[in-house]
Amino acid sequence: MSTLEIDRVRKTYGNLEVLKEVSISIGTGDFLVLLGPSGCGKSTLLNMIAGLENISGGEVRIAGKIVNELSPKDRDIAMVFQSYALYPTMTVRQNIEFGMKIRGVPPAQRDKAVRAAADLLQIIHLLDRKPSQLSGGQRQRVAMGRAIVREPKLFLFDEPLSNLDAKLRVDMRTEIKRLHARLGTTIVYVTHDQIEAMTLATRVAVMKGGVVQQLDDPQTVYDRPANVYVAKFVGSPSMNIIPGKIEVEGGSATAVIDMANRQAVRIPGIHLSSQAASKYAGRKVLIGIRPEMFSVGNGQAQGAISIEVDVVEPTGADTLAVFQLGGVEVTARLPPKQVNARASATLAVDRSKVVLFDPDSEELIN
Amino acid sequence: MSTLEIDRVRKTYGNLEVLKEVSISIGTGDFLVLLGPSGCGKSTLLNMIAGLENISGGEVRIAGKIVNELSPKDRDIAMVFQSYALYPTMTVRQNIEFGMKIRGVPPAQRDKAVRAAADLLQIIHLLDRKPSQLSGGQRQRVAMGRAIVREPKLFLFDEPLSNLDAKLRVDMRTEIKRLHARLGTTIVYVTHDQIEAMTLATRVAVMKGGVVQQLDDPQTVYDRPANVYVAKFVGSPSMNIIPGKIEVEGGSATAVIDMANRQAVRIPGIHLSSQAASKYAGRKVLIGIRPEMFSVGNGQAQGAISIEVDVVEPTGADTLAVFQLGGVEVTARLPPKQVNARASATLAVDRSKVVLFDPDSEELIN
Amino acid sequence: EGTIEVLHHWVSQSEVDALNVIRKDLESKGFQWKDSAVGGMSGANAQQALRSRLTSGDPPGAMQFLGWEGPQWAEQGVVRDLNDLAEDGGWREALPPQLLTFVTSGDAFIAAPINMHRQNWVWANKKIFDEAGIAVPKTWADLIAAGKKLKEKGITPVAMGDEPWQIGIIFDALLSDLYGPEFYRKVAIDLDPAALNSAEMVKVFDTLREVRGLVDDNFVGRDWAVATGLVINGEAAMQFMGDWAKGEFLAKGLKPNADFYCFATPAKVPTFQYVIDSFGMFTVKDETVQNAQVALAETIMDPAVQKGFNLIKGSIPARTDVSVDDFDDCAKLGFNERAEAIKAGSMLGAMTHGFAAKPEFASVFGDVAAQFFVGNMSSDDAVKMLVEGIDNAR
Amino acid sequence: MANALAQHKPIDEALPRKTRIRFGRLLIYGPLCAMAALYLMPLWVMVVTSLKPLDEIYSGSFIGLPQTITLDAWRAAWSEACIGTECTGLKPYFANSLLMVIPAVVLSTGIGAINGYILTKWRFPGANLVFGLLLFGCFLPYQAILIPMARTLGLLGLAGSIPGLVFVHVAYGICFTTLFFRNFFVSLPDELTKAAMVDGAGFFRIFWSVILPTSIPIIVVSCIWQFTQIWNDFLFGVSFTSGGNSPMTVALNNIVNVTTGRKQYNVDMAAAMIAAIPTLLVYIVAGRYFVRGLTAGAVKG
Amino acid sequence: MNAAKSFSSRLAGWLPRIVVAPSLLVVIVTVYLFILWTGVISFTSSRFVPVYDFAGLEQYVRLWATPRWHTAVANLFIFSALFLFLSTGIGLLMAILLDQNIRAEGFLRAVYLYPMALSFIVTGTAWKWIMNPGLGIQKVINELGWTSFTFDWITDPNMAIYTVVIAGVWQSSGFAMAIFLAGLRGIDNSVIKAAQIEGAGLPLIYRQIIIPMLRPAMLSVIVLLSYIAIKSFDLVLALTNAGPGSATELPSTFMFSATFRRNQMGVGAASAVMMLMTVAAIIVPYLYSELRERNNG
Ligand SMILES: Nc1ncnc2c1ncn2[C@@H]1O[C@H](COP(=O)(O)OP(=O)(O)OP(=O)(O)O)[C@@H](O)[C@H]1O
Ligand SMILES: Nc1ncnc2c1ncn2[C@@H]1O[C@H](COP(=O)(O)OP(=O)(O)OP(=O)(O)O)[C@@H](O)[C@H]1O
Ligand SMILES: [Mg+2]
Ligand SMILES: [Mg+2]
């Protein structure tokens, strides 16, 4: 249980700068999720926290102590590797109990812990197999088991559930959450799964090209993304970013989206601070609308949008409708079977959630 | 381009029976998604189609020809391995073009294909790196690239996108769909991702413990799962299975759910065939309701359910509400901020989609 | 005119120089000499090469033989009969009769002997002897007493190495010197069980043990020539060694009897323990090779060649009819003592170099003597071991 | 980089850490260097001896530094020493040895590699038995089989020739090379072969393009071993060749192995070192290919 | 058409077997047939050249009645055990140390390997001098002032075999190092990283993770060193010439001298058969367990 401070950490491979002055700091018991596109440096950062990669610059502090020079074994961390990194010569059981053995945990206790973890991970029947005899997901669960039997200062998880089926994933997610609640251990967790990030994190760091774009609690990241990049990256299907402009009338802002050959769409009642209102009044902005902010509306309501649906994509629970708005392709998530392809429809927008971005800096307008 | 028939195929490792008489047959241009829990034999089946594992029993036919004894290189397939299996000594470029080189594709054409694939996969800048210098997701994309540069009779994909971020995943998904549309190649695809399965597949096979549970088009699998297992496995959060009973009155069936200390919940207007109606009238059944079939309703409407919400779990786009119904825990997916934890709410159910299962065999009641 | 491949194990400088005398003479007759030298292991390496060559059907034209090798190969029917040449050249008459055992097989003359070494020499540093007032010993008792005296003065009495053949030289000498040539014949040639198991045998070992007392402790792994160097330097007084050691003294410009002594191992009747090298010819089809074989045999038996060869090699000619002029004093002494030994019947084949018992028995003697010498086995045990070993090898 | 780090932290904290790291490195370099010194001891004796005139050695200076340094022994060993009656030094025999060693090493390593590949990646029923049979060949006492081998070579018409010697070395060499490669390949992930099969590569293509490039370190080991064994072999050389066909070791033996002659220690040592030069070159050149982690990143799991 | 296809694919299935077949054939002839020949000879009365009569177990009786052979067998066990243990240990240690990303790795590797390059016929002489109490280490140390130091194993028939061990380890451990190093270079680093994370120090990681992963390399090393131990010939001949006495006789030197010096070809063959049987008795069970393990691994 401890704080983790990453202070202007840099990483270069030869000339290639993979992490550029990354600073993240979280408190004891925090659950940090790292989000970011493939190759942005998440695993590298995790490796550096673990002490498995040299730090090219900056400092990593665990519980306030600089650990730059501390060897991994002295950092008291547990980690699930993206590549599993199971010990090929050991059985599943030996793989899981190795860390405890090293720490001198008595056999009885070790055995109990292994059983408990294996039970949880549904790999009891695999305990005597070698990793080469396991399926991908089973290997991943063993890797997971290896981490969770320990009670370290810090857990590091690198996409620990990516090869599991949805059901198991949900179970595991719950277990991780429970583990976190029970031990209160600080956790750093890399995932690509939206829902994992949202349900597990107390803090989310969105990275891009070795730079942290936003560090906030998950709801904030989702609702008020710091910039267009974060907005588009978080959430699936991603947020629609539509060019438009702002009109301010008597303290109330209206977003206006020009339409090619029809009347402009107006979305009134946009929330805007008074500074922002005065700064952006009459200027161009980018309007951010998540697909689920659309709903099938009533043609008469204020701010209702009439559109022509291009494509309809059913996903089971919902249907995604794709249409043109303000010159860009926009996706709306709607209940199934309410709209049809190549037909017109009227949609409403939950205006309270619409966000605006500066068109030049692409930063959020507060 | 060809049909694929898997005919009572079995696979054993020593005493362990991993696949038990699996039969799946798809037509030319079909896109088969294999779904199933981790360790159920999906990769094994894929390996057997590819000719990489011995077939312990049964037959595999590609384009009508038995290929049991045909070596992989003569089957004209392309495959993405769950474990990537990149050639460690080759650069990304060499990895991707290896298959073409072997097939004698001229350099210029090879180069073009590599560029095109790399572009698509956003790995142009990585072409001269070795696999060890790539991130997990980048490796996966290289593995993907290796497959898609070719135009084989059959594509086999083993969780090809599991390590990619949501955005890239959507792009890739679209690309695969486009690839499929353009080439019309038959594809077998393993995934854990609900949406991938639903959006890509023309056929979905749900497997469990080496046995195929259901083979159907995706919407059917989702809407009318063959049994409780499939119902619970497909969809996330999974379908709620609630014990209840059926009352039939004048051709119309009503599902009745007993509540512990309150009046029973009645869901009228359930669709049921006349045979089924006569068979199950007055008998116990399992009632299947997907979380998204609930909506915040109006207390007065017929079939409205008053519940006490236990837990609320926001996921960004929606909120999951958990409550007790018929003695089991039930999850509803609702728009955000419409219900609160430890508060009562009234929900409506989209009755047209409710499914019923036999409580003993757990099979779908048609 | 013809090429002959000669397989031999002479590889040291003096050996090669001597061999070149033969080679030059052969080449002056218009024949080519193809050299196949395989040194080491007292010729065992060459034997092994020969065996492979014969097995694969590709024997060399000629081969250098040591000890029983010639007769043994002859028994296999692979060696050419040189009887015609021997008749013409009067070889039998020219050679000491004892030696014929090793160059004939049945009636056939199967090898041409070139030289004769004497194994049982003692080489001594004259200055040390003089300073200590020691005369050339006449008996082993004298020798051992002199050695003890020197040892007290801090001089190593006997320089040697621990190789079995170096020990064997002393053992052979003791065997004939203490109880006469007859005893040697009974033991080393006839392998007479009674003689082997006799009290005399025990005494031989006892004496060997006394000689061991005269050797320093660093003798392990010492080369014989290094030991000779110790005698030359004055670090040691004597060495038991064949006449090839003479070259070391001469090379330093030392003169026999002036700077160093050469004398036979002490005995009532000085024995002459000989070692000969001979060349046998293999049966081959190629006629040019056959001609070359004849030429080579004739060259070897040419007295002038034998003289030239032995002047370099340090040995004396196998032929008894070569003039002794030009030879040094030690060689002359050798000539004389050989003549006496032939008459006295004390001309003996040196067991250690394979000229007495067949190899399987000779090596048992070698083993026992060596183990006895370097360890602390009792003489009785050594005799017992010897008897058992010989029996086992029969 | 290290400086940049040092600036960040207080000096009193940095110092002990630094020394601790030094100490750790010391624990590595210490034994390595001590071992190297021990290993070099005999070489030192040899070099020193080879530089001494023979008389100095025989006057009792075996191990000490030379009083006069001369390269005569080296010259003699290279081009003057007599190998039998031909006083050519080792020079001409190098060619023989090279003619023998290069094909033998290439063939035995190549065959061993492909055998190892088959025995791990294309296992067939009885593959382990085949491996066991090959392996047992490693323990054959060569002294015992010279005669049948000579007969076989005679029958094959290879007696006394360099190709015959190559054949013998390859025949016994494959036992070892197969062992090396098989044991290296078992730890290569099978997925690599599988992926290549799907890519359409056949048996040989996979071997050549996928397996061989990942096995550089073991190729090096195999070459080092085979080169050393064949280059230094005396037994087969002396048994199956003769005269001018002989490999270098037979010549070296003739320089060194004198019984009743006087040992020329300085020439012996120089000759031994000259004879070892090609092998040492192989060690140094091949050693560069002891590269790290050729399979790293190939697969996950 | 169809038949042709199936033929070619069947051919492809047989290809691996076809490719190993020549090797197997050569080995069956040059190893097993020749062993058979040796076995036959050991039951004949062959002395100087092979004769093909039947002498029963005579040569074996003779062999076992030869004290030198007893010495040779005893020495073989002492020598092999120590030699194997020390060479493997030192080789592994050096490989591990060399693998720590050090400077001058190439140089050190060459230093450890060079003893193999030098013919022992000559290096034996150097060792002889080094271990000779009057010339080498003992003399140097005595002269440095520690006069009570003795190192005279080479002169002591009871200890001389250990000097052979020393020289043997010096000569061969470098190659063990090379094999281990190649093995180490093939290991994926991520596994080591995982173990570090779990709190294992380097020694432990090596003991528990890496060395087990080196098992195949270990098999190579053990086979190889056993081969060297069993066949050590030059080593003994050059260093001690099987002496003092016959204290350092080994089966290989025994066999050679029986066959080529003593004209006891039958005894030589019998000793070869004994050696092979000993090897088989030790190696076959080991191989069996090793290969079976691998099969399902
Ligand atoms: N070599 C083997 N020996 C024994 N059992 C094996 C072997 N390989 C795989 N299995 C078992 O076969 C079953 C099926 O494995 P497979 O890899 O096909 O699963 P999967 O459906 O792909 O799972 P995942 O989604 O986790 O990748 C698993 O239970 C696995 O443990
Ligand atoms: N050894 C290396 N040499 C050069 N570049 C490297 C090396 N290792 C990683 N990289 C690069 O560093 C960047 C960051 O890699 P990292 O593994 O941290 O990505 P990631 O965020 O974990 O991605 P993913 O989600 O795909 O796993 C990548 O672009 C990768 O190509
Ligand atoms: Mg990563
Ligand atoms: Mg799988």
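All chains are named by letter (A, B, ...) in the order of the sequence lines, taking the proteins before the strands, and each is independently numbered beginning at 1.
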* To do: Check whether E/Ala280 gets within reach of chain D through its side chain, its backbone, both or neither, counting any heavy atom under 4.5 Å.
  => both
* Is there a side-chain contact between D/Pro42 and E/Thr123, using heavy atoms and a 4.5 Å cut-off? -> no
* **Interchain contact, D/Phe234 with chain E, by part (heavy-atom threshold 4.5 Å)** => neither
* Judged by atom type as modelled, is there a donor-acceptor pair below 3.5 Å linking the side chain of D/Tyr39 to the main-chain atoms of E/Gln171? -> no
* Structure fact -> Honestly, the part of D/Thr49 sitting under 4.5 Å from a heavy atom of chain E is side chain
* So, the side chain of E/Lys231 versus the backbone of D/Leu140: is there a donor-acceptor pair under 3.5 Å, distance only? -> yes
* To do: Check whether E/Ala178 gets within reach of chain D through its side chain, its backbone, both or neither, counting any heavy atom under 4.5 Å.
  => both
* **chain E contact via D/Tyr117 - side chain, backbone, both or neither, heavy atoms under 4.5 Å** => neither
* Structure fact -> Minimal heavy-atom distance between E/Leu97 and D/Leu27, with the atoms involved, is CD2-O, 4.4 Å
* Can you find a heavy atom in the side chain of E/Ile130 that is under 4.5 Å from one in the side chain of D/Met41? -> yes
* Segment of D/Leu179 engaging chain E (4.5 angstrom heavy-atom cut-off) -> both
* Measure across E/Arg17 and D/Pro125 and return the closest heavy-atom pair with its distance rounded to 0.1 Å. => NH1-CD, 4.2 Å
* Heavy-atom distance under 4.5 Å between the side chains of E/Phe256 and D/Tyr142, does that happen here? -> no
* Which bit of E/Phe175 comes within less than 4.5 Å of chain D, counting heavy atoms only: side chain, backbone, both or neither? -> side chain
* Structure fact -> Okay, E/Ile102 and chain D: the region with an atom under 4.5 Å from a heavy atom over there is both
* Validation row, ring centre D/Trp225 to ring centre E/Tyr227 under 6.0 Å -> yes
* Asked: If you round to the nearest 0.5 Å, how far is OG of D/Ser187 from CD1 of E/Ile187?
  -> 8.0 Å
* **Under 4.5 Å from a heavy atom of chain D, the part of E/Pro115 involved** => side chain
* Counting distance only, does the side-chain N/O of E/Arg109 pair as donor-acceptor with the main-chain N or O of D/Gly287 below 3.5 Å? -> yes
* Structure fact -> d(E/Thr278 OG1, D/Phe139 CZ) to nearest 0.5 Å is 12.0 Å
* To do: Sort out for me which of D/Phe184, D/Trp122, D/Phe180 touches chain E most, counting heavy-atom pairs under 4.5 Å.
  => D/Phe180
* Please assess E/Ile90 against D/Met35 for the test side-chain contact (heavy atoms from CB on, under 4.5 Å), listing each intermediate value before the final yes or no. => CA-CA 9 Å; E/Ile90 292 174; D/Met35 208 80 92; 4.0 Å; yes
* Asked: When you measure from the side chain of D/Asn183 to the backbone N and O of E/Leu219, does any donor-acceptor pair fall under 3.5 Å?
  -> no
* To do: Give a yes or no on this: more than 12 heavy atoms of other residues, nucleotides or ligands lie within 6.0 Å of atom OH of D/Tyr289.
  => no
* To do: Could you check if a side-chain atom of D/Ile216 sits within less than 4.5 angstrom of a side-chain atom of E/Arg185, using non-hydrogen atoms only?
  => no
* To do: For a side chain to side chain contact (heavy atoms under 4.5 Å, CB included) with E/Ser23, tell me which candidate from D/Asn115, D/Ile114, D/Val130 qualifies.
  => D/Asn115
* **Option in D/Val282, D/Ile147, D/Ile111 with maximal non-hydrogen atom pairs under 4.5 Å from chain E** => D/Ile147
* Top residue by heavy-atom pair count (under 4.5 Å) with chain E, among D/Ala36, D/Gly202, D/Gly126? -> D/Ala36
* Does any heavy atom of chain E fall under 4.5 Å from the side chain of D/Val45, the backbone, both, or neither of them? -> side chain
* Contact class of E/Val223 relative to chain D, heavy atoms under 4.5 angstrom -> both
* To do: Can you tell which part of D/Leu43 gets under 4.5 Å to a heavy atom of chain E, answering side chain, backbone, both or neither?
  => both
* **Residue part contacting chain E, namely of D/Arg151, when any heavy atom lies under 4.5 Å** => neither
* Checking heavy atoms, do the side chain of E/Met255, its backbone, both or neither come under 4.5 Å from chain D? -> side chain
* Asked: Is chain D contacted by the side chain of E/Ile228, its backbone, both, or neither, given a heavy-atom distance below 4.5 Å?
  -> side chain
* Does some side-chain heavy atom of D/Pro141 sit less than 4.5 Å from a side-chain heavy atom of E/Ile230? -> no
* Heavy-atom distances under 4.5 Å only: say whether E/Trp127 touches chain D with side chain, backbone, both or neither. => side chain
* To do: With rounding to the nearest 0.5 Å, note down the distance linking CE in D/Met248 to OG in E/Ser119.
  => 7.5 Å
* Are E/Leu276 and D/Phe136 close enough that some pair of their side-chain heavy atoms sits under 4.5 Å apart? -> yes
* Asked: Non-hydrogen atoms of chain E under 4.5 Å away: do they reach the side chain of D/Leu252, the backbone, both or neither?
  -> side chain
* Structure fact -> Note: vs chain D, highest number of non-hydrogen pairs under 4.5 angstrom among E/Val49, E/Val26, E/Ile179, E/Val221 is E/Ile179
* To do: Could you tell me which non-hydrogen atom of D/Ala144 sits nearest to which non-hydrogen atom of E/Trp37, and how far apart they are?
  => O-CZ3, 3.8 Å
* Starting from the C-alpha separation in whole Å, work towards a yes-or-no answer on side-chain contact (heavy atoms from CB on, under 4.5 Å) for E/Val122 and D/Met269. => CA-CA 6 Å; E/Val122 178; D/Met269 301 288 175; 3.6 Å; yes
* To do: Could you look at E/Met275 and say if it's the side chain, the backbone, both or neither that has a heavy atom under 4.5 Å from chain D?
  => side chain
* Asked: Which bit of E/Trp170 comes within less than 4.5 Å of chain D, counting heavy atoms only: side chain, backbone, both or neither?
  -> both
* **Donor-acceptor contact below 3.5 Å, side chain E/Tyr32 vs main chain D/Leu133** => yes
* Asked: Which pair of heavy atoms, one from D/Asn232 and one from E/Ala117, lies closest together, and at what distance?
  -> ND2-O, 3.2 Å
* Is the backbone of D/Leu32 close enough, under 3.5 Å, to the side chain of E/Tyr112 for a donor and an acceptor to pair up by distance? -> yes
* For the student: nearest non-hydrogen atoms of E/Leu113 and D/Tyr283, plus distance -> O-CE1, 3.2 Å
* **Which atom of D/Ile145 lies closest to which atom of E/Phe34, heavy atoms considered** => CG2-CB, 3.4 Å
* What part of E/Met218 is in contact with chain D, defined as an atom under 4.5 angstrom from a non-hydrogen atom: side chain, backbone, both or neither? -> neither
* To do: Tabulate, in ascending numerical order, the residues of residues 270-277 of chain D having at least one heavy atom closer than 4.5 Å to a heavy atom of chain E, or enter 'none'.
  => D/Ala272, D/Met273, D/Ala276
* Answer whether the closest heavy-atom distance between the side chains of D/Tyr172 and E/Val27 falls below 4.5 Å. => no
* **side-chain contact (heavy atoms from CB on, under 4.5 Å) evaluation trace for E/Val19 with D/Phe204** => CA-CA 10 Å; E/Val19 174; D/Phe204 291 107; 3.9 Å; yes
* Asked: Is chain D contacted by the side chain of E/Asp99, its backbone, both, or neither, given a heavy-atom distance below 4.5 Å?
  -> both
* To do: State the CD-CZ distance between E/Glu105 and D/Phe290, to the nearest 0.5 angstrom.
  => 8.5 Å
* Structural part of E/Leu202 lying under 4.5 Å from a heavy atom of chain D -> neither
* What is the distance from atom CZ of D/Phe181 to atom OG of E/Ser220, rounded to the nearest 0.5 Å? -> 10.5 Å
